[in-house]
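Accompanying notes for the structure given below.
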Amino acid sequence: MKEEGRIDSAFLEGSASWHAPVFISLGSNIGDRVKNLNQACALLAKGDGVSGDIVIKSSSSMYRSSAMYDKNQPYFLNMVCCCATILEPLSLLSTLQDIERALGRNHSPERFAARIIDLDIIYYEAHIIAQRGLCIPHPRLYERAFVLNPLAEIADSFCDPRRDCSVKVLQQELGIQMHAAVKI
Ligand code: ADP
Ligand code: MG
């Protein structure tokens with residue numbers, strides 16, 4: 001299916017209804033990673049300030065993994081939150097980027113650079129979105145144990161709208177990499 005340029009019409013009408021489940025992955029590989037992840041969760045759920053309009057319904061444990069793309073980088077801690085939000089996908093992305101900046105992330109031009117905090121939208125209900133600057137489901141989730149392991153902990157039966165199979169099946173398919181993200 002051609003996805004480029006596609007966005008569901010529901011988001012073009014500006015209705016302010018709640019959307020759930022929306023899965024957000026969080027990662028950190030600089031400084032006090034536990035503190036960084038906890039601060040990001042607090043900002044996500046904040047009723048005022050840089051965020052708002054997001055409710056965290058459940059959170060996974062934190063998982064430790066070695067850096068996947070640049071082996072010279074320090075280790076990561078990652079987790080996934082299941083949220084409800086009234087923000088449409090692009091506004092949600094911009095709120096996540098506000099939170100990243102509030103926690104001190106400087107966006108390096110280098111791809112996969114070390115980061116104090118990284119917030120990605122993994123799923124937004126069952127929507128498939130592909131437009132400039134935003135791709136949902138997150139295109140690299142299928143190769144990432146550090147996403148699939150925490151996601152499976154809180155939502156193993158959620159159906160991936162692109163692959164039309166459960167998160168548990170995606171995790172099993174990745175199999176060989178399962179050891180690479182360990183619950184702390
Ligand atoms: P990465 O998360 O891939 O390591 P960045 O955090 O620097 O890299 O994000 C790079 C760009 O990815 C962002 O500017 C954003 O526009 C884009 N992006 C596309 N889809 C998503 C998504 N589902 N969640 C978060 N960012 C996304
Ligand atoms: Mg990111």
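Every number for a ligand or one of its atoms is a count from 1 in the order of the listing. As the structure is a prediction and not an experimental result, all values here were calculated from the model. Any value given below was found using the heavy atoms of this structure, including those in side chains, with hydrogens, waters and symmetry copies removed.
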Quick one: look up the protein heavy atom nearest [atom] and list residue, atom name and how far away it is.
| atom | value |
| --- | --- |
| atom 26 (N) of ligand 1 | Leu93 CD1, 3.5 Å |
| atom 3 (O) of ligand 1 | Arg140 NH2, 3.0 Å |
| atom 13 (C) of ligand 1 | Gln97 NE2, 3.9 Å |
| atom 5 (P) of ligand 1 | Arg105 NH2, 3.7 Å |
| atom 25 (C) of ligand 1 | Asp120 OD1, 3.4 Å |
| atom 24 (N) of ligand 1 | Ile121 N, 3.0 Å |
| atom 8 (O) of ligand 1 | Arg115 NH2, 4.3 Å |
| atom 15 (C) of ligand 1 | Gly133 O, 3.4 Å |

Treating Ser25 as the side-chain partner and Val147 as the backbone partner, does any N or O pair qualify as donor plus acceptor under 3.5 Å?
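No: the side chain of Ser25 does not pair with the backbone of Val147.
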
State whether the side chain of Arg64 and the backbone N or O of Ile184 hold a donor-acceptor pair below 3.5 Å, judged by distance alone.
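Here the side-chain-to-backbone pair does not exist.
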
Below 3.5 Å, N or O to N or O, backbone or side chain included: is there any such pair between Cys135 and ligand 1?
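The answer is yes, given that Cys135 and ligand 1 share an N or O pair closer than 3.5 Å.
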
Looking at every heavy atom in both Ser59 and Cys81, which two are closest together, and how far apart are they?
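Taking Ser59 first and Cys81 second, the nearest heavy atoms are OG-SG, 3.6 Å.
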
Taking heavy atoms and a distance under 4.0 Å, where does Asp118 meet ligand 1: side chain, backbone, both or neither?
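Side chain only.
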
Can you name the N, O or S atom of Asp120 that is closest to the Mg ion (ligand 2)?
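Relative to the Mg ion (ligand 2), the closest nitrogen, oxygen or sulfur of Asp120 carries the name OD1.
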
Can you name the N, O or S atom of Asp118 that is closest to the Mg ion (ligand 2)?
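Among the N, O or S atoms of Asp118, the one closest to the Mg ion (ligand 2) is OD1.
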
So that I know where these two stand, are Phe23 and Phe158 an aromatic pair - ring centroids less than 6.0 Å apart?
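Phe23 vs Phe158: aromatic centres under 6.0 Å.
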
Return a yes/no value: protein heavy atom under 4.0 Å from atom 20 (N) of ligand 1?
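Under the 4.0 Å cut-off, atom 20 (N) of ligand 1 does have protein heavy-atom neighbours.
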
Please confirm whether Arg163 makes a cation-pi placement over Tyr142, using NZ or CZ under 6.0 Å from the six-membered ring centre and within 45° of the ring normal.
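Yes, Arg163 sits over the ring of Tyr142.
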
Apply side-chain hydrogen bond (donor to acceptor under 3.5 Å, both in side chains) to the pair Ser91 and Glu88, showing each step before the final yes or no.
CA-CA 5 Å; Ser91 303; Glu88 52 88 14; 2.9 Å; yes

Just do the side-chain hydrogen bond (donor to acceptor under 3.5 Å, both in side chains) check on Tyr123 and Arg162 with the steps written out, would you?
CA-CA 10 Å; Tyr123 295 120; Arg162 189 180 285 133; over 6 Å; no

Counting C-beta onward and ignoring hydrogens, is there a side-chain heavy-atom pair between Ile136 and Ile128 closer than 4.5 Å?
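Side chain of Ile136 against side chain of Ile128, heavy atoms only: no contact under 4.5 Å found.
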
Check this for me: does any side-chain nitrogen of one of Asp120 and Arg140 sit under 4.0 Å from a carboxylate oxygen of the other?
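No salt bridge links Asp120 with Arg140.
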
